[in-house]
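Notes to accompany the following structure.
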Amino acid sequence: MSLRLGDDAPNFKAQTSIGDIDFYDYIQDSWAVLYSHPADFTPVCTTELGRTAQLKNEFEKRNVKVLAVSVDSVEDHHKWIKDINETQNTNVDFPLIADKDREVAELYDMIHPNASATATVRSVFVIGPDKKVKLTLTYPASTGRNFDEILRVIDSLQLTANYSVATPADWKHGEDVIVVPAIKTEDIPGKFPKGYTEVKPYLRTTPQPNL
C-alpha cells in the first residue's frame, strides 16, 4: 500500500555512499528529503543530484537532511558521484543509498508497474522531525525535479507547523500568509500583532509571523 500524508515514514538500514546508516538515527530530529532515481548514470538524475549538492547551504539552513535512493551498488554510486561532481561543478556529500534488493523502494512504494516492473520511479518524500510523511511528489523520467519548489514547500511546511496559518498559491518566503479559518476574526490581533487584512470573512491575510 502506498504511503499517504501523515503516515509514519518507514525506518530502514542501508548501505550508502557515506557508509552504513539507520535512517531514523541519521536524520535524528531534522527534516528529511528522501528521493529516488531509476538507476545510476542517468542524465536527468545526474543534474538533480548535482543541483541538490549545490543547494547544500539552503537545506542546512532549513535543518533538512537529503538522501537519494538508487538500485545500483555503492561502488557504482561512487563512480557516478565522480561524474556528477565533474559535470555539475559541485561536491555530492549526502548519502546515496544502494538499494540493490529494492527494500527501500518497496517500503516507500517507489516501483510503479505502469512505469516499470523493476526500476524505481522518481519519487520525493518530505519527512518531518516526527517521522511523518509531509509531502509526496512523483515525476516522470523525462522531467527534472524543481528544487526551488521543494525548498518552497519545506518553508511552508515548517511555517504552518508552528503557526495557525496556511500559505496561498505561489507563496514564497517573506510574503503574506492566510490565517486559518479555525481562528475567529476577533482573536486575530492577539495571535498576529503585525495586523491582518480581511479580504472575505473566510479569507484573512497577515504578514509572515516568523519574520
Side-chain angles (χ1 to χ4, degrees), residues 1-3 9-28 30-60 62 64-127 131 133 135-151 153-154:
M1 182 176 293
S2 61
L3 289 173
N11 194 25
F12 57 85
K13 291 180 171 64
Q15 293 181 320
T16 81
S17 56
I18 66 165
D20 293 351
I21 65 164
D22 175 288
F23 180 54
Y24 278 13
D25 287 347
Y26 180 76
I27 63 175
Q28 297 183 326
S30 299
W31 289 70
V33 172
L34 177 67
Y35 68 113
S36 58
H37 302 280
D40 290 5
F41 308 105
T42 49
V44 174
C45 297
T46 296
T47 66
E48 291 177 328
L49 287 166
R51 184 61 179 147
T52 303
Q54 291 166 2
L55 291 169
K56 177 181 179 178
N57 291 340
E58 293 298 321
F59 285 112
E60 287 181 347
R62 294 164 172 83
V64 177
K65 292 185 176 178
V66 181
L67 305 92
V69 181
S70 177
V71 298
D72 292 302
S73 67
V74 169
E75 183 180 359
D76 282 340
H77 286 356
H78 285 303
K79 293 176 183 175
W80 188 24
I81 287 170
K82 287 181 180 179
D83 284 356
I84 297 164
N85 292 343
E86 176 191 343
T87 62
Q88 307 305 305
N89 192 30
T90 191
N91 179 41
V92 173
D93 60 3
F94 55 89
L96 185 50
I97 295 165
D99 194 31
K100 292 178 69 176
D101 297 329
R102 296 181 172 80
E103 177 187 350
V104 178
E106 294 287 352
L107 279 175
Y108 282 81
D109 193 31
M110 292 173 172
I111 295 176
H112 290 192
N114 288 342
S116 168
T118 56
T120 54
V121 293
R122 295 169 56 254
S123 301
V124 181
F125 294 87
V126 176
I127 298 160
K131 310 300 187 291
V133 176
L135 173 86
T136 63
L137 293 167
T138 302
Y139 287 77
S142 57
T143 303
R145 283 171 265 220
N146 184 333
F147 285 88
D148 289 337
E149 169 63 4
I150 292 171
L151 290 171
V153 171
I154 291 168

- prompt: Taking only residues two or more places apart in sequence, or in another chain, which ones meet Gln54 in a side chain to side chain donor-acceptor pair (under 3.5 Å)?
  reply: Arg51

message: Testing the basics here: between Phe147 and Leu55, what is the closest heavy-atom pair and its distance to 0.1 Å?
response: CB-CD1, 3.6 Å

- prompt: Do the side chain of Thr143 and the main chain of Pro140 share a donor and acceptor less than 3.5 angstrom apart?
  reply: no

message: If I compare all heavy atoms of Ser2 with all of Asp109, which pair ends up nearest, and what's the gap?
response: CB-OD2, 3.1 Å

- request: Would you check if Phe59 and Leu151 make a side-chain contact, meaning some heavy-atom pair closer than 4.5 Å?
  value: yes

Inter- and intrachain pairs under salt bridge (Lys or Arg N to Asp or Glu O under 4.0 Å), touching residues 30-44, at least two apart: none

task: Begin from the C-alpha positions of Leu67 and Ile21 and carry the test side chain to side chain contact (heavy atoms under 4.5 Å, CB included) through to its verdict.
output: CA-CA 11 Å; Leu67 305 92; Ile21 65 164; 3.6 Å; yes

task: Verify side chain to side chain contact (heavy atoms under 4.5 Å, CB included) between Ile154 and Val33, making sure each step is shown before the conclusion.
output: CA-CA 9 Å; Ile154 291 168; Val33 172; 3.8 Å; yes

message: Tell me whether Asn11 contacts the main-chain N or O of Tyr24 through its side chain, where contact means a donor paired with an acceptor under 3.5 Å.
response: yes

- prompt: Can you name the side chain to side chain donor-acceptor pair (under 3.5 Å) partners of Thr46, sequence neighbours left out?
  reply: Trp80

field: Within-4.5 Å side-chain heavy-atom neighbours: Lys56 and Asp93
entry: yes

message: Holding to side-chain contact (heavy atoms from CB on, under 4.5 Å), I want the full list of residues that pass it with Leu135, two or more places apart in sequence or in another chain.
response: Val126, Leu137, Val153, Leu157

message: Between Ser17 and Leu96 (side chain of the first, backbone of the second, donor and acceptor by atom type, cut-off under 3.5 Å), is there such a pair?
response: yes

task: Under the side chain to side chain contact (heavy atoms under 4.5 Å, CB included) rule, what do Lys131 and Ile27 come out as? Steps first, then yes or no, please.
output: CA-CA 9 Å; Lys131 310 300 187 291; Ile27 63 175; 3.8 Å; yes

- prompt: For residues 17-27, which residue pairs qualify under salt bridge (Lys or Arg N to Asp or Glu O under 4.0 Å), counting only residues two or more places apart or in two chains?
  reply: Lys13-Asp22

query: Does Val133 have any side-chain contact (heavy atoms from CB on, under 4.5 Å) partners at least two apart in sequence or in another chain, and if so, which?
result: Leu3, Leu5, Ala9, Phe125, Thr136

- request: Indicate yes or no for a side-chain donor-acceptor contact from His77 to the backbone of Ile97 under 3.5 Å, with no hydrogens or angles considered.
  value: yes

- prompt: If every non-hydrogen atom of Val71 is compared with every non-hydrogen atom of Pro38, which pair is closest and at what distance?
  reply: CG2-O, 3.7 Å

task: Could you list the residues that satisfy side-chain contact (heavy atoms from CB on, under 4.5 Å) with Ser30, not counting sequence neighbours?
output: Asn63, Lys65

- prompt: What's the spacing between Glu48 CD and His37 NE2 if we round to 0.5 Å?
  reply: 6.0 Å

- prompt: Between Ser36 and Ser123, is there a donor-acceptor pair closer than 3.5 Å when you use the side chain of the first and the backbone of the second?
  reply: yes

- prompt: What pairs with Tyr108 under side chain to side chain donor-acceptor pair (under 3.5 Å), at least two apart in sequence or on another chain?
  reply: none

field: Note, Phe12 side chain near Asp99 side chain (heavy atom, < 4.5 Å)
entry: no

Heavy-atom neighbours of Glu75 CD exceed 12 at 6.0 Å: no

field: Residues forming a ring-ring contact (aromatic ring centres under 6.0 Å, His included) with Tyr26, sequence neighbours excluded
entry: none

query: side chain to side chain contact (heavy atoms under 4.5 Å, CB included) between Phe23 and Ile127: does it pass, once the steps are laid out?
result: CA-CA 11 Å; Phe23 180 54; Ile127 298 160; 3.7 Å; yes

- request: Kindly state each residue pair satisfying side-chain hydrogen bond (donor to acceptor under 3.5 Å, both in side chains) with at least one member in residues 82-91, sequence neighbours excluded.
  value: none

Residues that Glu103 engages under side chain to side chain donor-acceptor pair (under 3.5 Å), provided they are two or more places apart: none

field: Which residues share a side-chain contact (heavy atoms from CB on, under 4.5 Å) with Lys100, sequence neighbours left out
entry: Ser73

field: Check: Arg145 side chain, Cys45 main-chain N or O, donor-acceptor pair, under 3.5 Å
entry: no

